[in-house]
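Worksheet: one structure, shown below.
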Amino acid sequence: WRSGALVEQRELTQWFFKITDYADELLRDLDTLTNWPEKVRLMQANWIGRSEGMLIRWALDAKTAPSDANELEVYTTRPDTLFGASFLAVAADHPLAKLASEKNAALAEFCDECRRLGTSVADIEAAEKRGFDTGIRAVHPFDKTWLLPVYVANFVLMEYGTGAIFGCPSGDQRDMDFARRYELPVVPVILPAGEDAATFTLKNNAYEDDGVMINSRFLDGKSTKDAFEEAASRLEKQKLSGRPQGARKVNFRLRDWGISRQRYWGCPIPVVHCKACGVVPVAAKDLPIKLPDDATFDKPGNPLDRHPTWKHTTCPKCAKPAVRETDTMDTFVDSSWYYVRFTAPQAATPVDKEAAQYWLPVDQYIGGVEHAILHLLYSRFFARAMCDTGHLKFAGNTREPFSALFTQGMVTHETYKSTDGYWMLPNEVRFEGEGAQRHAVEAASGRPVTIGAIEKMSKSKKNLVDPDDIIAHYGADCARWFMLSDSPPERDVIWTEAGVGGAGRFVQRVWRIVEEIADTFPLDDKTAKPATFSSEALGVRKAAHRALDQVGKAIEGLRFNVAVANIHEFTNVLQAGLTKPGADMAWAAREAARFLVMMIGPMMPHLSEECWARLGYNTLLANEAWPEAEAGLLVDDQVTIAVQVNGKRRDELVISRSAASGEVEAAALALEPVIRALEGRPVKKVIVVPQRIVNVVG
RNA sequence: GCGGACGUGGUGGAAUGGUAGACACACAGGACUUAAAAUCCUGAGUUCGAAAGAGCGUGAGGGUUCGAGUCCCUCCGUCCGCACCA
């Protein structure tokens, strides 16, 4: 239904949000989003695509121009290169192209051809730069005697700038390609640093960077930046038909947001079309407009448009029969402000400003990078628009909906296709062989299966793994633990169950340790903390407190795989400690068990509550505060420092934490491997980094 | 074409410029067992060596530094975004 007359008709009633009004602010405020990934900020900046340039009006030579066309306005970011101009070009849809086509059948044909091609990315890539000389000549703004040809060119976009450009082949690769094809002059106007003006020439590569102006009359010798300023201010002062010939202009790549969809599944756009009153908004009391329950989907096209009764209503203004808008909104509209609604989901009005002000902005937003541009830009726009319409107010002076953003990776998996071309679930497939011999067959029939690319898990390609299988076998906590331990959350993961067994063993191990400690050292609030600890017990305590510190920080930083590794490490120490019983170890072990259970809590909630109860507590672990690590247990009196000779590690040294540099140096130089590595050479220099490393240079 | 990210053992991955490979998976050997499972212990980047030890080692090559996986430059590869935006 997107072809033919219907599209024309639709064009007239397309609905847009004026996101371009916020282009500058959306771009500028990206700098304030310091807790957003650089990548996403960059993608948004590129998408908004701000460029500073000029609109320049060129007079058309009366002898060659159509009678009702006497000037052509172009957009450029490089007024400095005006003396390198060798042609002008307009888009096939440009009014001047249409005007010129009226008396030129060949030109009209060329314009048609341009319109047919050049829509898809692939077309553009393949398309050569082609043009058609309209015969019209334009007058150079700085030289009345200099006439330039005006072409229609397939690489000029009507949607950007004015749909017309001036071509400077020496300074722009596209213009260069065009000039070489149509044998237009190529005049270098910018001399790169280190080049000689007398010998500098360009072959088929344009020089697009900065330099010193040449062949440019009054601009000669200026820097690119100064030349821009000079040319711009002259054009601003210079008049053409009584108006300034040039005007500075900021242009954006960002377009307005077309929200009209010809689909059933979306919020209806709440307006009515009345023959007498025109487009009339639906009264607030009649909102929301509900979709009909009896839509049919048996034919292509918009079910709302062909529904027998739904669209027929009366005009809110004059009460005469009128027709509802049958376009519905893009679903991105809903996702652009749900976070505001979520602060007061029961509110009678769309937004409870007080609740929104209390909760927003969102502290930590987590989502896939696929939303980097559309959803996240629309949401930033909506937050601002809602502030301006009085629907929303933020507590601070920000207008950003999401303070911090984290982009998680995707879960990917191999894809499988049967011989008849159907996608197959991984659990319908059996594997044989290894390495290059590895191949797949249908588990049920033994028929061969093609192993396809590793792709993002999707229902359509069926490369899905059902977590129920893992949950049934190992439990939900184990599934969670395994996923968190596997790789950092920002990275894509190729899903594999290899390793889930290890997570299962860890779950069992935690339970065994907790049982052992609960049985051997039952909860007894009266047991006083021992005055001193054996070195083993102290070791357990240090490991416990260090883990608490590390795991807390890792979780805060969303580095869950590191948190898991830290817990593993600590568990290993605790388990070894249990083989050396004693009153002080009992106390240390109980403390350690309590910490262990608390640390796994966020990642294995069921197991940890079970363990918590097993340790004798009759509270909910979920209500417990994260314990504070004792600072004194986080540092050792003795530190191990590496000893290098000429940057190569030769030995290590255990020494008092507070040892003076001289002391450390002496101890390092006395080490036998150090003496050996020096091979009798004198020591030139010794670098001592306290508590870290010694480097002997010799 | 423009912009960006990444490249570390058999695998997933650790590492504020300071002992590369933590932790785990897989693997091998051992203990326990009639046996297996489970559990526990041990080993393991690579080359040479019986060992002690030594050489090499974070995609390749250069640079900065006492010291580089980490910073800078060039190249190769992989991935992502934008794409004739004047």
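Just so we're on the same page: letters track the sequence lines, and every chain starts at 1.
Of the side-chain N and O atoms in A/Arg491, one or more sit less than 4.0 angstrom from OP1 or OP2 of B/G13. Here A/Asn561 does not reach the OP1 or OP2 of B/A24: none of its side-chain N or O atoms lies under 4.0 Å away. Look at A/Arg559 and you'll find a side-chain N or O under 4.0 angstrom from OP1 or OP2 of B/A15. Close to B/A83, at under 4.0 Å from its OP1 or OP2, lies a side-chain N or O of A/Arg253. At least one side-chain nitrogen or oxygen of A/Arg505 sits closer than 4.0 Å to the OP1 or OP2 atom of B/A26.
A/Lys648 comes within 4.0 angstrom of the backbone, heavy atoms only, and of no base. If you check every strand for non-hydrogen atoms under 4.0 Å, A/Glu569 touches sugar and phosphate atoms only. At a threshold of 4.0 angstrom between heavy atoms, the contacts of A/Ser487 are confined to the sugar-phosphate backbone, with no base atom among them. A/Val156 comes within contact range of at least one nucleobase, with a heavy-atom separation under 4.0 Å. Nucleic acid contact class of A/Asn566 (heavy atoms, under 4.0 Å, all strands): none. Looking at heavy-atom distances under 4.0 Å, A/Thr496 makes no contact with the nucleic acid at all. Using a 4.0 Å heavy-atom distance criterion, A/Gly502 is classed as a sugar-phosphate-only contact. Backbone-only engagement by A/Pro488 is indicated by non-hydrogen atom pairs under 4.0 Å involving sugar-phosphate atoms exclusively. Here A/Arg41 lies out of heavy-atom contact (under 4.0 Å) with every strand. Residue contacts shown for A/Leu157 include a base, since a base heavy atom lies under 4.0 Å away. A/Gln575 comes within 4.0 angstrom of sugar-phosphate atoms only, judged by non-hydrogen atoms across all strands, and of no base. Nucleic acid contact for A/Arg50: none, since no nucleic acid atom lies under 4.0 Å from a heavy atom of the residue.
Residues A/Arg650 and A/Gln644 have side chains that never bring a donor and an acceptor to within less than 3.5 angstrom of each other. At a cut-off of 3.5 Å, with distance as the only test, no side-chain donor of A/Tyr365 or A/Thr407 sits close to an acceptor on the other residue. Of the N and O atoms on the side chains of A/Arg509 and A/Asn572, at least one donor lies less than 3.5 Å from an acceptor on the other residue.
Contact annotation: side chain of A/Arg650 to base of B/U19, donor-acceptor pair absent below 3.5 Å.
Here B/C80 presents its P atom at 17 Å from CH2 of A/Trp47, a figure rounded to the nearest Å. Here B/C23 presents its P atom at 16 Å from CE of A/Met599, a figure rounded to the nearest Å. One atom, CG of A/Leu30, and another, C1' of B/G3, lie 15 Å apart when rounded to the nearest Å. In this structure, OH of A/Tyr151 is placed 22 Å from P of B/C84, rounded to the nearest angstrom.
Comparing B/U39, B/G4, B/G12 against the side chain of A/Leu42 picks out B/G4 as the nearest.
Counting only distance, with no hydrogens or angles, the side chain of A/Arg78 and the backbone of A/Glu208 share a donor-acceptor pair below 3.5 Å. A/Ser487 contributes no side-chain N or O that, together with a main-chain N or O of A/Val493, makes up a donor-acceptor pair within less than 3.5 Å. Between the side chain of A/Asp256 and the main chain of A/Phe16, no donor-acceptor pair closer than 3.5 Å is present. Of the possible polar contacts, one joining the A/Asn154 side chain to the A/Arg130 backbone as a donor-acceptor pair under 3.5 Å is found. Remark: side-chain polar atoms of A/Asn205 are not paired, donor with acceptor, to backbone N or O of A/Gln173 under 3.5 angstrom.
Near RNA chain B, defined here as any heavy-atom distance below 4.0 Å, the residues from residues 162-175 of chain A are A/Ile165, A/Arg174, listed numerically.
Classification of the A/His568-A/Phe506 ring pair by plane angle, with boundaries at 30° and 60°, yields tilted. Using cut-offs of 30° and 60° on the angle between ring planes, the pair A/His375 and A/Phe332 is parallel. Relative orientation of the A/Phe178 and A/Phe87 rings is tilted, given thresholds of 30° and 60° on the angle between their planes. Relative orientation of the A/His545 and A/Phe595 rings is perpendicular, given thresholds of 30° and 60° on the angle between their planes.
Between A/Tyr75 and A/Ser485, the residue whose closest nucleotide on RNA chain B is further toward the 5' end is A/Ser485.
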*asked:* Is there a salt bridge (charged side-chain N to carboxylate O under 4.0 Å, His left out) between A/Glu672 and A/Arg676? Walk through the geometry before answering.
replied: CA-CA 6 Å; A/Glu672 197 270 330; A/Arg676 189 155 18 97; 2.8 Å; yes
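Comparing B/G45 with B/C32, their C1' atoms are spaced 32 Å from each other, to the whole Å.
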Here RNA chain B, pairs taken as Watson-Crick or G-U under 3.5 Å and shown with ( ), [ ] when crossing and | when to another strand, reads (((((((..(((.....[....))).(((((.......))))).((((....))))..(((((..]....))))))))))))....
What pairs of nitrogen or oxygen atoms, one from the protein and one from nucleotides 64-66 of chain B, lie under 3.5 Å apart?
residue, atom, partner, partner atom, Å
B/C66, O2', A/Asn695, ND2, 2.9
B/C66, O2, A/Asn695, ND2, 2.8

